[in-house]
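These notes concern the structure reproduced below.
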Number of protein chains: 2
Amino acid sequence: MDETAPPKGTVTQRAIDSIKALIGEGRLEPGQRLPTERDLAAQLGISRSSMREAIRALTVLGVLEARHGSGIYVTQLEAGDLLETFGVVADLSRGPRLVELLEVRRILESTATALAAARITPDQLAEVEKHLTAMNATDDPEEILAHDLAFHREIAAAAGNDTMAAILEGLSSRTFRARVWRGYQEEGAFTRTRREHAAIHRALVARDPEAARAAAASHVGEVEEWLRSQLGA
Amino acid sequence: MDETAPPKGTVTQRAIDSIKALIGEGRLEPGQRLPTERDLAAQLGISRSSMREAIRALTVLGVLEARHGSGIYVTQLEAGDLLETFGVVADLSRGPRLVELLEVRRILESTATALAAARITPDQLAEVEKHLTAMNATDDPEEILAHDLAFHREIAAAAGNDTMAAILEGLSSRTFRARVWRGYQEEGAFTRTRREHAAIHRALVARDPEAARAAAASHVGEVEEWLRSQLGA
DNA sequence: ACCGCTCATGTGGTCCGACCACTACGGCGG
DNA sequence: CCGCCGTAGTGGTCGGACCACATGAGCGGT
């Protein structure tokens, strides 16, 4: 009947849940500093080693941030912090799951682009155009990819949903895109990609959400179809 | 120029990246067993403590699975394994971000329901109906919630995209739904919810994707709007 | 009085060695 | 041939020691 020490699973897991609960209950605010590892361990009656594992776990989840020599802090708990792990999923996926991820991206990206068409500000639009022209002005695949990513990132940001933008960021993470793009662009998809980007841009300028949605869906869908055919071959 | 020992960040982080790379390169297959903690630590020239932290980190990410007394194994790396952490995001979010998450869910859920309308099998449809009737046959909020979750889960599964289903699962995770639902249902939303579920079901039976999309979007949108108004108040 | 450097303090990062809890497997006895 | 049981090996926990780094107080010079 001892409520204070419910012998759940492993000690470390208990520590993870405890800290997560503290944040969930609002007893730990974003940005706030936690007690030292030694104190935390003492409070829960566990060893420092176990507490360190718990902290490390919450660190990779983007919940905590450890600064060497300074202390442990709660992150801002913003979408970007927490959804960084989404990139891991993309990186470790392959085969059929890559297509599924691309399908999710198509759905979200098309909606985000449609929203952006309605909400984008002149400043944001200028930023988008900057990457569009820079993308068309070079032949270095590396540079093209970077501007391509930025192009879509700016659009996602203009949609006004940080969470959606963070998810899309994960779905376009460096290694993920690089792996798919390598093969895709070898088939001379450059010109097609440029045309699609131009179509998206036109829709944004015209503030036409439906056209933007269609253009974005088509854009991602092209890659999706290509990947699907690659897996079948 | 020593490529074998690039002194990156922390030792533990290096270990995490190393194991992740092993899996990414396909040198570690899903389900495969890893060497012991002691051996792994020795191979990378680090202490067992640091290696344990790395393993713990990859464990919470759903990449590895440690079985006490048996060994460490690579998970199946399926969508469900890797996207479990998505639930953490939902649990720790509040305020405006809850609305953003519901918006993402609305987009994905409506598409998933539309796909399900076209692809659902008789068996799957029967399962959906089971939860629908069970949901309407009780007054216990706890039980209603359980069947509600199962109702949408079956539909998501019928859509045929495991990744999407896993994300939706995270967006409907226990505590997340419970928190929002508590207030939502206090306003006598039961009847409205039942009507909406019935509409979704009708669309599935009729195999009408567009109707299904609209019904699902409306269903989630109702909660979304309610939550938005709550935040404004 | 002010600025800059130094160094003591406290923090997270790493390592070690020991022991505990559990699983798996093989051998012994029925 | 089957089932029990012991043992070896695994992850889980612990405690303590030392290292690397960040911070701020205090000293020195200006």
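Order of the sequence lines fixes the chain letters, A, B, ..., with proteins taken first and strands second; residue numbering starts at 1 for each chain.
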Item to check | side chain to side chain donor-acceptor pair (under 3.5 Å) evaluation trace for A/T10 with A/Q13 | outcome: CA-CA 5 Å; A/T10 70; A/Q13 190 59 46; 5.0 Å; no
Give the rounded distance in Å between these two atoms: [atom1] of [X] and [atom2] of [N].
{"X": "A/D39", "N": "C/dG12", "atom1": "CG", "atom2": "C1'", "value": "13 Å"}
{"X": "A/R33", "N": "C/dT11", "atom1": "CZ", "atom2": "P", "value": "6 Å"}
{"X": "B/I72", "N": "C/dC22", "atom1": "CD1", "atom2": "P", "value": "18 Å"}
{"X": "A/M51", "N": "C/dG12", "atom1": "CE", "atom2": "C1'", "value": "14 Å"}
{"X": "A/E37", "N": "C/dT14", "atom1": "CD", "atom2": "P", "value": "10 Å"}
{"X": "B/Y73", "N": "C/dT23", "atom1": "OH", "atom2": "P", "value": "12 Å"}
{"X": "A/R38", "N": "C/dG13", "atom1": "CZ", "atom2": "P", "value": "11 Å"}
{"X": "B/L44", "N": "C/dT14", "atom1": "CG", "atom2": "C1'", "value": "14 Å"}

Item to check | Over 12 foreign heavy atoms within 6.0 Å of CD, B/E129 | outcome: yes
Checklist entry - Would the number of heavy atoms belonging to other residues, nucleotides or ligands and lying under 6.0 Å from CZ of B/R182 be above 12? => result no
pair [X]-[Y]: side-chain heavy atoms closer than 4.5 Å:
{"X": "B/F151", "Y": "B/I200", "result": "yes"}
{"X": "B/L64", "Y": "B/T75", "result": "no"}
{"X": "B/V89", "Y": "B/F176", "result": "no"}
{"X": "B/V60", "Y": "B/T85", "result": "no"}
{"X": "B/E224", "Y": "B/R106", "result": "yes"}

Base, sugar-phosphate or nothing for [X]? Non-hydrogen atoms, less than 4.0 Å.
{"X": "A/I55", "answer": "nothing"}
{"X": "B/R52", "answer": "base"}
{"X": "B/S49", "answer": "base"}
{"X": "B/R67", "answer": "sugar-phosphate"}

Checklist entry - Under the ring pair (Phe, Tyr, Trp, His ring centres under 6.0 Å) test, which residues partner A/H219, sequence neighbours left out? => result A/H152, A/H197
Checklist outcome for this item: DNA chain D nearest-nucleotide lookup for A/S47 and B/H68: closer to the 5′ end is B/H68
Checklist entry - When you match A/G45 and A/G69 each to their closest nucleotide on DNA chain D, which lands nearer the 5' end? => result A/G45
Next on the checklist: If you assign A/G71 and A/R56 each to the DNA chain C nucleotide with the nearest heavy atom, which residue ends up on the more 5' nucleotide?
Outcome noted: A/G71
Checklist entry - What is the 5' to 3' range of DNA chain D, first to last nucleotide, that sits under 4.0 Å from any heavy atom of chain B? => result D/dG9 to D/dT13
Checklist entry - Between A/E53 and A/R56, is there a salt bridge with N-O shorter than 4.0 Å? => result no
Next on the checklist: Roughly what angle, to 10°, lies between the helix axis at the start of the helix from C/dA1-D/dT30 to C/dG30-D/dC1 and the one at its end, five pairs per end?
Outcome noted: 10°
Item to check | Any B/S70 side-chain N or O less than 4.0 Å from OP1/OP2 of C/dT23 | outcome: no
Checklist entry - According to a strict under-4.0 Å criterion, is A/T36 in side-chain N/O contact with OP1 or OP2 of C/dG10? => result no
Checklist outcome for this item: Closest to the side chain of B/R48, out of C/dG12, C/dA18, C/dC15, is C/dA18
